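Quick notes on the structure that follows.
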2 protein chains.
Amino acid sequence: MSNCLSSQATVTAASPTIFVVDDDASFRTAIARLLHAGGYAVQTFASATDFLGSFRGDTPGCVLLDVHMPGLTGLDLQSALARGENPLPIVFITGQGDIPTSVQAMRAGAEDFLTKPLRKAVLFPAITRALARDAQERQQRARRRELRARFEALTPREREVLTHVLRGQLNKQIASDLAASERTIKAHRANLMAKLQVQSVAELGQLAHEAGFASQQ
Amino acid sequence: MSNCLSSQATVTAASPTIFVVDDDASFRTAIARLLHAGGYAVQTFASATDFLGSFRGDTPGCVLLDVHMPGLTGLDLQSALARGENPLPIVFITGQGDIPTSVQAMRAGAEDFLTKPLRKAVLFPAITRALARDAQERQQRARRRELRARFEALTPREREVLTHVLRGQLNKQIASDLAASERTIKAHRANLMAKLQVQSVAELGQLAHEAGFASQQ
DNA sequence: CTGCCTATTGTCCTTTGGTGCAGTACGGAG
DNA sequence: CTCCGTACTGCACCAAAGGACAATAGGCAG
């Protein structure tokens, strides 16, 4: 039986890391030095492929990403990262960027889009925002995962009953819909309430919303 | 008593209008001609102030907005419009725009940020997206307003009971919290369920979510 | 003053929901 | 084959919700 202790923060202490992805070696070392001086942990990568190859997704942080790179471009990395389950906020950096690219990047969820030469007064606030966003999204994802785990602990039949309960149907109605006795529905209902750790239909509805269960069904 | 017929589409037939705001008269006429040819209704304005002065908010459509204008800039208009209750999607147009401006505009919710010279193949898709977004948001707002109206029909006491019901509390508990008899709570509860036109706590929760009632309380 | 709304409470009765206890049936894992 | 989880069901009991009918009291508009 899954005796899941609720809301255990996933390794909270892991300090955020700035992932610098840029094909220009001198820029990488310069920015790494700058960020180190600012008190950040830094990892540098010469290409998007390198980054994707070694990134595990469990490290909080953000990405400082050059738009123009041989091979996978910054935008490519962005969409690849977005497809993953643990996307990091991205701060783009470009030497000769154009507006359409910046628009596309922002629309795809970039935290910022900065131009070289990079000034500390611009970079550091952007990083702060990106890290804050990452922390917030990470927390949301953790919560969501925890809830989804509860929903996955339900048996198919319980899930079925759940959808009817969420529609506000009476046990009697659910019973006739599912061609079962009212007693059976009560049993499933009690089980699912226990598994989802809620006491009332009101709580149940909230949980279903948070976990995105209502929308998917 | 408010015998509100639910979901009456607000003057659905009103065709969307493109509001062109640009200080360059020749550009205004050129773009107006282009849009007319595309089958759109167009209104032009020489300044952000002009637009804000005559815009009523009940017309669906979108704004084609120049960034650089004397007086209020495009970004100023954007934030003014966003503060209103019926914001229109904005497609920015700029002659000599810079990336920071485009980033700011996109972050503030602009639908797109285009550069002159304007190509039809770029402009028209942007307008289509903006109009689609407007239609969608307008529908959401209408639904939201309709629901909010229901909530405003509640008496203060009923609202108070509602918040407790949404927490999943029993009538008995609510009664003791509000220092009233259980019978009184039942009365308020029945009243508010009727006013909100819901049959079950499940529906009630959904409605409260949609109307943003749960979050504000 | 009168009528209407809001808030309050009561009693009585019915319908639902929730739970304890108990039992049947089926299919997969060991 | 046995154990276990899942699904299903019955009976009984109690708690909670909700409707019917009725009544008191204060505030406010006409």
Side-chain angles (χ1 to χ4, degrees), chain A residues 1-4 148-209 211 213-214 217, chain B residues 1-4 148-209 211 213-214 217:
Chain A
M1 194 55 62
S2 62
N3 56 348
C4 42
R148 279 189 183 281
R150 290 193 208 169
F151 280 93
E152 273 153 31
L154 298 181
T155 67
R157 199 57 164 171
E158 283 162 357
R159 236 185 297 274
E160 212 165 355
V161 171
L162 171 57
T163 65
H164 290 260
V165 171
L166 289 176
R167 289 193 205 114
Q169 289 186 287
L170 300 180
N171 286 340
K172 193 186 292 183
Q173 298 173 314
I174 303 174
S176 89
D177 283 7
L178 300 184
S181 81
E182 190 180 333
R183 185 63 188 84
T184 305
I185 304 304
K186 284 187 181 184
H188 288 314
R189 190 164 175 161
N191 286 337
L192 72 88
M193 296 287 279
K195 283 184 182 174
L196 296 179
Q197 301 168 37
V198 293
Q199 322 296 309
S200 66
V201 181
E203 282 179 77
L204 182 64
Q206 305 249 329
L207 224 67
H209 246 103
F213 182 86
Q217 294 295 324
Chain B
M1 198 51 61
S2 61
N3 56 347
C4 41
R148 279 187 183 281
R150 290 193 209 169
F151 279 94
E152 271 152 31
L154 298 181
T155 67
R157 198 58 164 172
E158 283 163 357
R159 237 185 296 274
E160 211 165 356
V161 171
L162 171 57
T163 64
H164 290 261
V165 172
L166 289 175
R167 287 193 209 115
Q169 289 185 285
L170 300 180
N171 286 340
K172 194 185 293 185
Q173 298 173 312
I174 303 174
S176 89
D177 283 5
L178 300 183
S181 82
E182 188 180 337
R183 185 62 191 80
T184 305
I185 303 304
K186 283 188 183 181
H188 288 314
R189 189 163 176 161
N191 286 336
L192 73 87
M193 296 287 280
K195 285 184 182 174
L196 296 179
Q197 301 168 37
V198 293
Q199 256 73 99
S200 65
V201 181
E203 282 179 75
L204 183 64
Q206 305 247 330
L207 224 67
H209 247 103
F213 182 86
Q217 294 296 324

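Per chain, numbering begins at 1; letters A, B, ... match sequence-line order. From a predicted model like this one, the values you see are computed outputs, not experimental measurements.
Residue contacts shown for Arg157(B) are limited to sugar-phosphate atoms, with no base heavy atom under 4.0 Å away.
End-to-end axis angle for the helix from dC1(C)-dG30(D) to dG30(C)-dC1(D), using five pairs per end and rounding to 10°, comes out at 40°.
Residue His188(A) is the one, among Arg183(A) and His188(A), whose nearest nucleotide of DNA chain D lies closer to the 5' end (criterion: closest heavy atom). Each of Ala187(B) and Glu182(A) was matched to the nucleotide of DNA chain C holding its nearest heavy atom; the match closer to the 5' end belongs to Ala187(B).
Under a 3.5 Å cut-off, the side chain of Arg150(A) and the backbone N or O of Lys195(A) do not form any donor-acceptor pair.
Each of dT6(C), dC21(C), dA17(D) was ranked by its minimum atom distance to the side chain of Thr155(B); first place goes to dT6(C). The side chain of Lys186(A) has dT19(C) as its nearest neighbour among dT19(C), dT8(C), dA7(C). Of all nucleotides listed (dG10(D), dT19(C), dT9(C)), dG10(D) comes nearest to the side chain of Ser181(A).
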Please list each protein N or O that sits under 3.5 Å from an N or O in nucleotides 27-30 of chain D, with the distance.
none

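Side-chain contact check for Ile174(B) versus Arg167(B): every heavy-atom pair is 4.5 Å or farther apart. In this structure, the side chains of Leu204(A) and Leu162(A) come closer than 4.5 Å at one or more pairs of heavy atoms.
The side chain of Asn171(A) places an N or O atom within less than 4.0 Å of a non-bridging phosphate oxygen (OP1 or OP2) of dG17(C).
For dG19(D), its base never sits under 3.5 Å from the side chain of Arg189(B) at any donor and acceptor pair.
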